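Along the sequence shown, residues are numbered consecutively beginning with 1. One-based numbering, in listed order, for ligands and for the atoms of each. Keep in mind that this is a model prediction, so the values were computed, not measured.
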Amino acid sequence: MKANSTDRHHIDARRVDLFDIAPIDWEDIEQAATITQRILRDFAADKACFRELLKVVPDDPYLWSKCEEDVVEDKIVLWDDVEKNLRIRLRMSTARQERLAHSHRFSFSNLVLRGRYIHWHYAATDSFDARTRLDDVVTVAQHEDKAGDCFTIHHDALHSTPFTEVGTVSLVLRGNPVKDRAPVMFKESRGREEALRGLRDSQTTQSVDIEPAVAEAGTVFYRVGEKDESAQRRSERQMTRDKFNYWFKQLEDWQII
Ligand SMILES: [Fe+2]
């Protein structure tokens, strides 16, 4: 994947030895796990570097455009070297989340910095897409991930990491996307009964490419990349400066940076 000079400004502006590696081969998931989990742990331990990269994010148009406020989490992108298949971002939970069985557009490693969640692994008895039925996606493993725990997952694997507490923070190292969209199935409903009744009665249908605020168990939607989102959708999701400042202070108070 080729990047232009705007995309690489943050990379050219400072040298980070830890990220100066050969391109990551995410199809060799075992080797990718070894490399990326070491990078995540070393980066999390280097608080000066972590803080320095975080501080300049709002001033870099490329990184800032990828910082989002979402339904249950906020994301801050710290680094994106597409030539090395290496994007680093923070994810902070902002609300309790339902179990959502999903695969991804990219493979990644995740290091929990604060908090905890239950990690579910699933298998689909057939294909996994908008036609898949709720009962055809079964749990095959379940464990708790807490601060200090790290995992690596291939983009085709099905899992769910529902936030059980607000303020859970993870550091993610992901590869470049290898598909345009990835399916997500609600394994439990989202929203109160009245809202769900309204949803059933409603004649209007929501785009399946947007995460619904209200959904019944079994509902499937697709996550897409920034390039496939409308300008309006991007601007709705864009993190505000105030929110960034809030997170910066929180991460300081939690001694993450
Ligand atoms: Fe996931």
Q | F19 ring center within less than 6.0 Å of W79 ring center | A | yes

Q: Please name the residue in the list D81, D60, D80 that meets the salt bridge (charged side-chain N to carboxylate O under 4.0 Å, His left out) test with R8.
A: D81

Q: Quick one: give me the number of protein N/O/S atoms under 2.8 Å from the Fe ion (ligand 1).
A: 3

Q: Over all heavy atoms of both residues, which pair between A217 and L134 is shortest? Give the atoms and the distance, please.
A: CB-CD2, 3.9 Å

Q: Work out which heavy atom in S65 is nearest to a heavy atom in Q238; give both atom names and the distance.
A: CA-OE1, 3.5 Å

(Q) Can a side-chain donor-acceptor contact be found between H9 and D7 if the only test is distance below 3.5 angstrom? (A) no

Q: May I ask you to test the L111-L113 pair for a side-chain heavy-atom distance under 4.5 Å?
A: yes

